[in-house]
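Notes to accompany the following structure.
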Amino acid sequence: MKRIFAFALMFVIVLSAIPVYAAVQVKTLKVHFIDVGQGASQLIIGSSGKTILIDAGNNSEEKTIVNYLKKQKIKKIDILIGTHPDADHVGGMDAVVSNFAIGKIYMPKVVSTTKTYEDVLTAIKKKNLKVTTAKAGLTLDWEKDATIKMIAPVGTYDDSNEMSAVIKLTYGSTSFLFMGDAESKSENDIIKSKENIKSDVLLVGHHGSNSSTSQKFLNAVNPKHAVIQVGNNSYGHPTNEIIKRLTDKKTKIYRNDKQGTIIFTTDGKKITTSQAEWKSNVVTTKPTVSQTPKTTPKPSEKPQQDNVVYANCTAVREAGKAPIRKGDPGYSTKLDRDGDGVACE
């Protein structure tokens with residue numbers, strides 16, 4: 001009798017252990033920084049399989065985006081975010097809307113007359129979808145175990161880059177900050193808003209341009225990892241100044257142009273990457289004053305030629321003239337915020 005009782009007790013113990021094992025299965029969240037050349041696109045897949053797509057690269061990359069999503073066996077984009085109307089961010093978005101079921105769509109309130117942006121709005125209208133205005137202060141309804149907050153645009157800006165939707169994702173004790181093409185004005189306003197922007201992973205703003213990732217902002221974010229979505233370009237992205245700034249902080253750098261698509265996986269405690277960090281050869285010691293002298297234009301030099309005047313960089317982009325360099329018609333120091341001789345980059 002004692003043996004039978006002991007056997008029965010052991011059987012009960014074994015059975016009770018099975019659901020306990022199932023309960024400790026670790027759930028993970030993945031963030032894909034998709035290689036779309038000189039553009040940007042990020043896919044987030046939550047612990048239960050829900051999805052967010054932020055931007056969709058250029059028109060020329062729409063097949064890349066659609067095929068990549070299908071390869072991940074995705075049938076629905078639960079949240080679609082167009083950070084701002086620039087073609088290298090929303091060019092492939094019309095193809096995404098046409099090929100997948102779409103939940104909510106967020107885009108900032110920016111006026112743009114480009115054919116690319118018109119195609120996106122037409123695709124949205126065809127499926128009877130609505131666009132919710134992207135702005136600071138929104139918390140998006142997504143996975144129960146993750147928090148998605150929109151922390152910019154804080155205000156209204158003339159430049160479409162500054163109007164970029166900025167998103168912070170928190171999963172457990174890990175966090176990601178997606179900057180779009182937000183520049184220094186937006187960065188400063190985000191800091192003033194007192195929002196907690198400290199993040200483990202930073203999508204570097206504006207493809208590594210000097211107009212973004214100011215030292216003050218970088219110090220506030222203090223990332224362990226930084227991703228630069230960039231391809232072959234004539235803009236000088238990413239600039240040595242930004243690479244040095246990240247390197248000086250001992251931030252691990254990842255680049256689409258050097259490493260292809262980069263995937264981050266987190267269980268809410270640890271973050272792993274599909275690629276080892278990219279190593280910079282930029283010297284981290286401070287240059288002497290004589291190394292990079294800046295020339296001051298002579299008073300007689302005219303920065304604008306042929307009487308071409310642009311109100312802001314949005315007008316330059318809509319005219320199809322971005323970027324414009326010193327000496328080109330329409331160039332002005334007002335448009336060249338980082339003073340590197342290339343405006344609206």
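Residues: numbered from 1 along the sequence shown.
Contact annotation: the side chain of Tyr254 never approaches that of Ile228 to less than 4.5 Å [non-hydrogen atoms, C-beta and beyond]. By the 4.5 Å heavy-atom criterion applied to side chains, Val36 and Tyr68 are not counted as neighbours. Within the 4.5 Å cutoff, side-chain heavy atoms of Leu43 are placed close to those of Gln72. The shortest distance between side-chain heavy atoms of Ile190 and Ile197 falls below 4.5 Å. Side-chain contact check for Met179 versus Leu202: some heavy-atom pair is nearer than 4.5 Å. Put simply, the side chain of Asp181 does not reach to within 4.5 Å of the side chain of Thr83, judged on heavy atoms. By the 4.5 Å heavy-atom criterion applied to side chains, Ile44 and Leu169 are counted as neighbours. At least one side-chain heavy atom of His32 sits less than 4.5 Å from a side-chain heavy atom of Ile45.
For the residue pair Ser160 and Val110, the shortest heavy atom distance occurs at CB-CG1, 4.1 Å. Trp142 approaches Lys50 most closely through the heavy-atom pair CZ2-O, 3.2 Å. Minimum heavy-atom separation, Glu162 to Pro153: O-CB, 4.3 Å. Taking every heavy atom of both residues into account, Ser212 and Arg245 meet most closely at O-NH1, 4.2 Å. Taking every heavy atom of both residues into account, Thr251 and His225 meet most closely at CG2-C, 3.7 Å. For the pair Ile243 and Ser280, the tightest heavy-atom approach, listed with the atom from each and the gap, is CG2-OG, 3.1 Å.
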Requested in this report: Would you please test Asn210 and Ile242 for side-chain contact (heavy atoms from CB on, under 4.5 Å) and show each step?
Outcome: CA-CA 6 Å; Asn210 284 346; Ile242 298 303; 3.8 Å; yes
Requested in this report: Run the numbers on Ile65 and Ile34 for side-chain contact (heavy atoms from CB on, under 4.5 Å), then give the verdict.
Outcome: CA-CA 8 Å; Ile65 287 290; Ile34 306 170; 4.3 Å; yes
Query raised in the report: Between Leu53 and Ser41, does a side-chain contact (heavy atoms from CB on, under 4.5 Å) hold up when you go through it step by step?
Result: CA-CA 7 Å; Leu53 185 69; Ser41 183; 3.7 Å; yes
Requested in this report: Quick one: do Ile148 and Ile52 satisfy side-chain contact (heavy atoms from CB on, under 4.5 Å)? Show the steps, please.
Outcome: CA-CA 10 Å; Ile148 307 289; Ile52 297 175; 3.7 Å; yes
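For Asn67, the CG atom counts as densely surrounded, since its 6.0 Å shell holds more than 12 non-hydrogen atoms of other residues, nucleotides or ligands. At most 12 non-hydrogen atoms from other residues, nucleotides or ligands lie less than 6.0 angstrom from CG of Asp141. When the shell of 6.0 Å around NZ of Lys149 is examined, it contains 12 or fewer heavy atoms from other residues, nucleotides or ligands. More than 12 heavy atoms of other residues, nucleotides or ligands sit less than 6.0 Å from atom NZ of Lys127.
Between the side chains of Thr266 and Thr174, at least one donor-acceptor pair of N or O atoms lies under 3.5 Å. Side-chain contact check for Thr116 and Asn59: at least one donor-acceptor pair (N or O, by modelled atom type) lies under 3.5 Å. In the model, Ser47 has a side-chain atom that pairs as donor or acceptor with a side-chain atom of Asp145 under 3.5 Å. Thr265 and Lys30 share a donor-acceptor pair across their side chains, judged by distance under 3.5 Å alone. Remark: the Gln229 side chain and the Gln42 side chain contain an N/O donor-acceptor pair separated by less than 3.5 Å.
No salt bridge links Lys185 with Asp189; every basic N to acidic carboxylate O contact stays at or beyond 4.0 Å. A salt bridge links Asp200 and Lys224; the closest N-O separation between the charged side-chain nitrogens and carboxylate oxygens is under 4.0 Å. Salt bridge annotation for Lys63-Glu61: absent, with no cationic side-chain nitrogen under 4.0 angstrom from a carboxylate oxygen. Salt-bridge formation is detected for the pair Asp257/Arg255: a Lys NZ or Arg NE/NH1/NH2 atom is positioned less than 4.0 Å from an Asp or Glu carboxylate oxygen. Of the charged side-chain nitrogens involved, none lies within less than 4.0 Å of a carboxylate oxygen, so that Glu195 and Lys168 do not count as a salt-bridged pair.
Aromatic pair His206/His84: centroids not less than 6.0 angstrom apart. For Phe176 and Tyr171, the ring centers are positioned 6.0 Å apart or more.
From Ile77, atom CD1 reaches atom CZ of Phe100 across 6.5 Å, with rounding to the nearest 0.5 Å.
Remark: the backbone N or O of Ser214 is paired with a side-chain donor or acceptor of Glu187 at under 3.5 angstrom. The closest donor-acceptor contact from the side chain of Asp55 to the backbone of Gly57 lies at 3.5 Å or more, if one exists at all. The backbone N or O of Ala182 lies less than 3.5 Å from no partner atom in the side chain of Ser186, so there is not a single donor-acceptor pair. Looking at Ser199, its side chain never comes within 3.5 Å of a backbone N or O of Val201 through a donor-acceptor pair. The backbone N or O of Val221 sits nowhere less than 3.5 Å from a side-chain atom of Asn219 that would complete a donor-acceptor pair. For Thr213 (side chain) and Val204 (main-chain N/O), no donor-acceptor pair under 3.5 Å exists by modelled atom type. Formation of a donor-acceptor pair under 3.5 Å by the Asn233 side chain with backbone atoms of Tyr235 is found in this model. No donor-acceptor pair closer than 3.5 Å links the side chain of Asn58 to the backbone N or O of Gly91.
With Asp35 as reference, Thr261 is the one residue of Thr261, Val230, Thr64 to meet the side chain to side chain contact (heavy atoms under 4.5 Å, CB included) rule.
Leu218 and Trp278 end up in the same hydrophobic cluster when Ile, Leu, Val, Met, Phe, Trp and Tyr side chains are linked at under 4.5 Å.
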